[in-house]
Amino acid sequence: MPALAPVVLSLALGLWGIGRDGALWRDEVVSYDLSRRELPDLTRTLERADAVHGLYYLLLHALFRLFPGADPLLVLRLPSVLAVAVTAGLLTLLGARYAGPRAGLLAGLVFAVLPPVQRYAQEGRSYALVCALVVWATCLLVRAVDTGTARAWAGYGAVLLTACLLHEFAVLVLAAHAVAVPREARRAWLRTVCPVVAALAPLAVLSMRQSAQVAWIGGLGAGALLGFGGVALLGCACATVLPRALVRLALPLTVLPAGLLMLVSLAKPLYVDRYVLYGQAGTALLVGAALDRLIRAGGPRRAAALLAAGAAVAALLPSPRTCAPRAAAWTTSPPSARPYVRRARAPTGSSTCRPAAGSGRSPTRAPCGGCATSPWTAPPRPPERCTTRRPGRP
């Protein structure tokens, strides 16, 4: 099967070094801590903070219950690895439908090796899962447009709603789908997406009340703008040699979700590249189909040279993370994971709440002003003290 090679490659790259020498990124600590709590405690916490990730924490909670003796880092990150592999397979099928089997194969392989995809393939957060669900919903949209059956439209709506409940910014893909849907199917599409938006509204209202959580997001920097501009230009360049039907589907997916989030960020800073990770699927479709066209027109050597040049340019493009003036992440070790997690390090000025002796609790995030203001602390709690750690110090 053509989809098998991208799936295998994604699994191999995702599982390679998945333990990261026992290091956890700071948001992974939140995922671990909240998903290991009892359901009443988790519910109380989500009423005050991080409701946008509530469904993801419930999923991890179920996985930790199902596999209590497994390596916690594997349980935490394996869903993301599997999600990226599924996405690569779906893109292979989607590309084959619009541009042929080889184009689909190349699209799946390109997606598997994209640097942002590789990063979030090994991260205990929801972004890879959202990407997989968005691409699955896109495949179901194509099927619904082709068949026009109520069952196909219902499947599209159900998967899309699940993606939005995992992370509400998945709703931005509706802008790309609106462009891709042909005129004769727009009424059926609107009948499907309106209930999705209505069902998402309560979560959106609740998350707006918790908007202090994203106060750390700064305005659009040079890295974000140059990165987005480079990807958009690459997509447009590929689109010039591709079939119109593929361009109508893939180019909006590449550009519109990230572009809309950037426009919103002009009023309130909300743009973070991982929030619209699923836009990488559109990039992979365009690049894979363009490589197939180049192979047919100019031979494999020319296509390989152009791919190498494009990869070099992409690697040199600045990203918001590398241009940020502050450190982007830190690592720590949950107590129950200490047999597997051995290293704990943080940048200067970061803080973590250390439970009082005998409390048996995992460390949680807190601002350096003290634990009383931590949104992750759900009362009643044992007394805590807040400690600041510096690089190189335990």
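Since we're looking at a predicted model, the values are computed, not measured. The figures here come from the full heavy-atom set of this structure, side chains too, leaving out hydrogens, waters and symmetry mates.
Placement of Leu58 and Leu82 in two distinct hydrophobic clusters is found when ILVMFWY residues are connected by side-chain heavy-atom separations under 4.5 Å, directly or transitively. Taken together through direct or relayed side-chain contacts under 4.5 Å among Ile, Leu, Val, Met, Phe, Trp and Tyr, Trp216 and Leu270 form part of one hydrophobic cluster. Follow the hydrophobic side-chain contacts under 4.5 Å out from Val113 and you reach Leu105 in the same cluster. Under a hydrophobic clustering in which Ile, Leu, Val, Met, Phe, Trp and Tyr are joined whenever their side-chain heavy atoms come within less than 4.5 Å, directly or via other members, Leu59 and Val84 fall into the same cluster. Cluster annotation: Tyr156 is not connected to Val179 through the hydrophobic network of ILVMFWY side chains, with a link wherever side-chain heavy atoms come within less than 4.5 Å.
Of the options Leu78, Leu24, Ile18, a side-chain contact (heavy atoms from CB on, under 4.5 Å) to Leu73 is made by Leu24 and by none of the others. With Leu160 as the fixed residue, the side-chain contact (heavy atoms from CB on, under 4.5 Å) test singles out one of Val134, Leu133, Val173, Leu165: Val173.
Taking both residues in full, the closest heavy atoms of Gly95 and Ala103 are given as O-CB, 4.4 Å, listed atom of the first, atom of the second, then distance. Contact record, Leu74 with Pro79: O-CD, 4.4 Å, taken as the closest heavy-atom pair. Across Tyr56 and Gly124, no two heavy atoms sit closer than the pair OH-C, 3.0 Å. Scanning all heavy atoms of the two residues, the minimum distance from Ser211 to Lys268 falls at CB-CE, 4.3 Å. When all heavy atoms are compared, the tightest approach of Cys131 to Phe111 is SG-CZ, 3.8 Å. Nearest heavy-atom pair, Leu94 versus Cys139, reported as atom, atom and distance to 0.1 Å: CD1-SG, 4.0 Å.
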Carefully, step by step, assess Val214 and Val272 under the rule side chain to side chain contact (heavy atoms under 4.5 Å, CB included). CA-CA 10 Å; Val214 293; Val272 182; over 6 Å; no

Decide yes or no on side chain to side chain contact (heavy atoms under 4.5 Å, CB included) for Val255 and Phe228, but give the supporting numbers first. CA-CA 8 Å; Val255 174; Phe228 174 74; 3.9 Å; yes

Kindly determine whether Asp27 and Val29 satisfy side chain to side chain contact (heavy atoms under 4.5 Å, CB included), including the steps that lead there. CA-CA 5 Å; Asp27 278 7; Val29 177; over 6 Å; no

Take Leu141 and Trp153 through the test side chain to side chain contact (heavy atoms under 4.5 Å, CB included) and record every step on the way to the result. CA-CA 7 Å; Leu141 173 63; Trp153 284 111; 3.6 Å; yes

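For the pair Leu242 and Leu251, the minimum side-chain heavy-atom distance is 4.5 Å or more. Inter-residue side-chain proximity for Glu28 and Arg77 is flagged as met; some heavy-atom pair is nearer than 4.5 Å. Taking 4.5 Å as the limit, every side-chain heavy atom of Leu174 sits out of range of all side-chain heavy atoms of Val196. Between Thr87 and Trp136 there is no side-chain heavy-atom pair separated by less than 4.5 Å. Counting only heavy atoms from C-beta outward, the side chains of Leu266 and Leu220 approach each other to under 4.5 Å.
Between Asp146 and Arg97, at least one side-chain nitrogen of the basic residue sits less than 4.0 Å from a carboxylate oxygen of the acidic one, meeting the salt-bridge criterion. Classification of Glu38 and Arg65 as a salt-bridged pair holds, one side-chain N sitting under 4.0 Å from a carboxylate O.
With rounding to the nearest 0.5 Å, the separation of NE2 in His53 from CG in Leu60 is 11.5 Å. Put simply, OH on Tyr120 and OH on Tyr278 are 14.0 Å apart, with the number rounded to the nearest 0.5 Å. In this structure, NE2 on His177 lies 3.0 Å from OG1 on Thr138, to the nearest 0.5 angstrom. Taking CG of Leu46 as the start and CG of Leu34 as the end, the distance is 6.5 Å to the nearest 0.5 Å. Here the CG-CG distance, from Leu9 to Leu4, works out to 11.0 Å after rounding to the nearest 0.5 Å. The distance from the CD atom of Gln122 to the CG atom of Leu13 is 9.0 Å, given to the nearest 0.5 Å.
The aromatic rings of Phe169 and Tyr275 sit tilted, their planes meeting at an angle between 30° and 60°.
No side-chain donor-acceptor contact under 3.5 Å links Ser80 to the backbone of Ala128. Side chain of Gln280 to main chain of Pro116: no donor-acceptor pair is present (N/O by atom type, distance under 3.5 Å, no hydrogens or angles).
In Trp189, the CH2 atom is crowded: over 12 heavy atoms of neighbouring residues, nucleotides or ligands sit closer than 6.0 Å. Residue-environment remark: CZ (Arg248) exceeds the threshold of 12 foreign heavy atoms within 6.0 Å.
Side-chain N/O atoms of Ser31 and Arg125 include a donor and acceptor closer than 3.5 Å.
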